[in-house]
Amino acid sequence: MTGSVRLFALCSLSPVPLLALASWSGGVWAVAAFAYIAGVTALLDRLIAHATRNGHPDTEFPAADPLSVLLALSHFALMALALAAIAGHTGLSGWERLLIFLAHGLFFGQVSNANAHELIHRANPWLRRLGTWVYISLLFGHHASAHPKVHHRYVASELDPNSARKGESFYHFLPRAWWGSFRAGLRQETLDLKRGGRGWMRHPYLVYLAGSLAFLVLAQLTGTTLAWLALSAHATVQLLLSDYVQHYGLQRRRLENGRLEPVSSAHSWNTPHYFTSHMMLNAPRHSDHHAHPARPYPQLQLPADAPLLPRSLPVMATLALFPRRWRKVMDGR
């Protein structure tokens with residue numbers, strides 16, 4: 001494994017054993033898992049210098065995809081352990097189960113989401129399917145369609161349900177983004193099927209809905225339905241917080257011909273924080289991702305003119321839960 005990818009592996013995989021031990025044993029491990037992902041990661045961002053250095057964008061990283069596969073498999077293993085613990089099947093107390101719920105939701109929303117996001121942008125169809133199933137396991141399968149086919153096309157405009165408007169609170173954005181992206185992705189996939197002359201049986205939304213139903217049946221059989229629904233909701237909130245933060249208030253102009261101006265580095269918020277950038281597979285280098293969606297995460301650049309958030313992405317996502325404070329910090333920017 002190359003040195004650069006080794007850092008991504010260290011930061012993104014480091015919570016996994018803590019989360020597994022928390023689900024299995026509870027107690028101090030539940031406290032440690034929650035404290036690590038909710039607090040220690042933010043502290044490490046403050047202690048370690050910002051990751052502003054850019055490598056060469058054409059450098060090859062053969063270990064990048066294997067790490068993504070490992071993270072995806074870890075996601076499914078952790079979900080099984082977490083659901084058993086949260087549902088009360090392992091005999092843990094209420095406070096232990098609460099900490100396990102909070103810690104896993106943060107990991108799934110911040111790391112599993114960032115990794116699935118990488119996978120659905122890969123050219124390899126097996127990697128794309130793996131990323132799609134991570135989203136399906138969180139009841140957010142339509143993101144595999146809406147993100148590349150709607151968000152990337154209409155980002156920072158009124159046509160993109162996942163771009164937050166200036167002054168819009170997260171609590172108004174949340175239902176608009178979830179339902180809006182579901183409908184927009186469905187509409188685009190249906191149009192693509194018609195244009196390609198393919199039958200409705202090949203509609204990706206059938207996979208998303210059937211997959212969610214399969215998980216629901218499995219949850220019913222294992223007595224973890226409420227735990228699964230709650231954990232999926234918690235993780236999805238984290239995912240949508242990232243969307244909210246990364247495009248808040250940024251708007252593309254309409255040109256004289258009525259089209260939107262090309263997407264530029266000015267249309268995404270970025271953060272240079274070292275630890276969470278590596279933990280989230282460079283998702284905070286969001287401007288370059290929109291400029292080069294197929295570029296693997298180790299190659300992503302931090303443009304010199306990109307808008308920067310004052311704190312790391314997870315910290316800003318937490319701030320977004322407090323609309324007055326959020327607007328005070330962000331609207332002037």
Side-chain angles (χ1 to χ4, degrees), residues 4 7-8 11 45 49-59 61 64 110-111 113-122 143 146-166 168 173 177 181 239-255 259-317 319-320 326 329-333:
S4 179
L7 288 173
F8 287 104
C11 297
D45 274 336
H50 287 177
T52 55
R53 183 179 178 182
N54 290 321
H56 196 282
D58 295 326
T59 303
F61 295 93
Q110 294 175 12
V111 181
N113 164 52
N115 184 52
H117 168 256
E118 276 295 314
L119 288 168
I120 64 171
H121 279 290
R122 299 282 71 82
H143 195 66
H147 178 81
K149 295 194 173 188
V150 179
H151 178 66
H152 271 267
R153 182 177 180 181
Y154 298 115
V155 66
S157 79
E158 69 280 0
L159 298 175
D160 176 32
N162 289 80
S163 292
R165 299 148 188 163
K166 182 180 177 181
E168 181 180 27
F173 168 82
S181 64
L239 186 157
L240 291 174
L241 276 167
S242 293
D243 278 350
Y244 177 84
V245 168
Q246 288 177 310
H247 298 290
Y248 175 81
L250 302 177
Q251 191 76 25
R252 290 158 68 189
R253 293 181 297 108
R254 285 280 179 183
L255 304 177
R259 294 182 178 181
L260 293 166
E261 66 174 317
V263 178
S264 74
S265 60
H267 299 124
S268 301
W269 292 101
N270 301 260
T271 66
H273 299 81
Y274 186 91
F275 191 84
T276 51
S277 289
H278 284 85
M279 184 180 78
M280 301 176 74
L281 305 184
N282 265 345
R285 295 191 172 198
H286 210 57
S287 289
D288 195 43
H289 168 68
H290 272 275
H292 307 94
R295 180 173 284 176
Y297 60 88
Q299 296 178 352
L300 290 174
Q301 309 290 294
L302 188 63
D305 59 344
L308 292 179
L309 294 167
R311 299 290 295 274
S312 68
L313 188 56
V315 171
M316 295 304 293
L319 183 65
W326 169 262
V329 171
M330 289 301 298
D331 283 6
R333 292 173 176 264

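Partners of Tyr297 according to the ring-ring contact (aromatic ring centres under 6.0 Å, His included) rule, which considers only residues two or more places apart in sequence or in another chain, are Phe8. Residues that satisfy the ring-ring contact (aromatic ring centres under 6.0 Å, His included) test with Phe173, not counting sequence neighbours, are Tyr244. Remark: Arg254 engages Glu158 in a salt bridge (Lys or Arg N to Asp or Glu O under 4.0 Å) (not counting sequence neighbours). Annotation: salt bridge (Lys or Arg N to Asp or Glu O under 4.0 Å) contacts of Arg122 (sequence neighbours excluded): Glu118. Looking at residues two or more places apart in sequence or on another chain, you find no salt bridge (Lys or Arg N to Asp or Glu O under 4.0 Å) involving Arg259.
We find that Asp288 and Arg295 are joined by a salt bridge, their nearest charged nitrogen and carboxylate oxygen being less than 4.0 Å apart. Under the 4.0 Å criterion applied to side-chain N and carboxylate O atoms, Glu261 and Arg253 are assigned as salt-bridge partners.
Looking at Ile120 and Pro148, their side chains come closer than 4.5 Å, going by heavy atoms from C-beta outward. Side-chain contact between Asp331 and Tyr248 is present, with heavy atoms from C-beta onward closer than 4.5 Å. In this structure the side chain of His289 reaches within 4.5 angstrom of the side chain of His117, judged on heavy atoms. Using a 4.5 Å heavy-atom cutoff, the side chains of Pro298 and Asn282 are not in contact.
Using modelled atom types, no side-chain atom of Gln251 and backbone atom of Gly249 make a donor-acceptor pair closer than 3.5 Å.
Ring to ring, His121 and His152 are close: their centroids are under 6.0 angstrom apart.
Atom CG in Asp45 sits 11.0 Å away from atom NE2 in His278 (nearest 0.5 Å). Going from atom CG of Asn113 over to atom CG of Leu241 covers 11.0 Å, rounded to the nearest 0.5 Å. The CG atom of Asp243 sits 6.0 Å away from atom CG of Leu239, with the distance rounded to the nearest 0.5 Å. Annotation: the span from His286 atom NE2 to Thr271 atom OG1 amounts to 11.0 Å, rounded to 0.5 Å. Here the OG-CG distance, from Ser181 to Leu240, works out to 7.0 Å after rounding to the nearest 0.5 Å. The line from SG of Cys11 to CG of Leu281 is 10.0 Å long, rounded to the nearest 0.5 Å.
The two residues Leu159 and Val150 make their nearest non-hydrogen contact at O-CG1, 4.4 Å. The shortest non-hydrogen separation linking Arg153 to Arg252 is O-NH1, 3.2 Å.
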| task | Please test Val263 against Val155 for side-chain contact (heavy atoms from CB on, under 4.5 Å), starting from the C-alpha separation and ending with a verdict. | result | CA-CA 8 Å; Val263 178; Val155 66; 3.7 Å; yes

Going by atom type alone, with no hydrogens or angles, which donor-acceptor pairs under 3.5 Å involve a side-chain atom of residues 304-317 and a protein atom two or more places apart or on another chain?
residue : atom : partner : partner atom : Å
Asp305  : OD1  : Ser265  : OG           : 3.0
Asp305  : OD2  : Ser265  : OG           : 3.2

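A donor and an acceptor atom, one from each side chain of His151 and Asp160, are located under 3.5 Å apart. Residues Asn162 and Tyr154 have side chains that never bring a donor and an acceptor to within less than 3.5 angstrom of each other.
Screening His267, His247, Gln246 against His290 for a side chain to side chain donor-acceptor pair (under 3.5 Å) leaves a single residue, His247.
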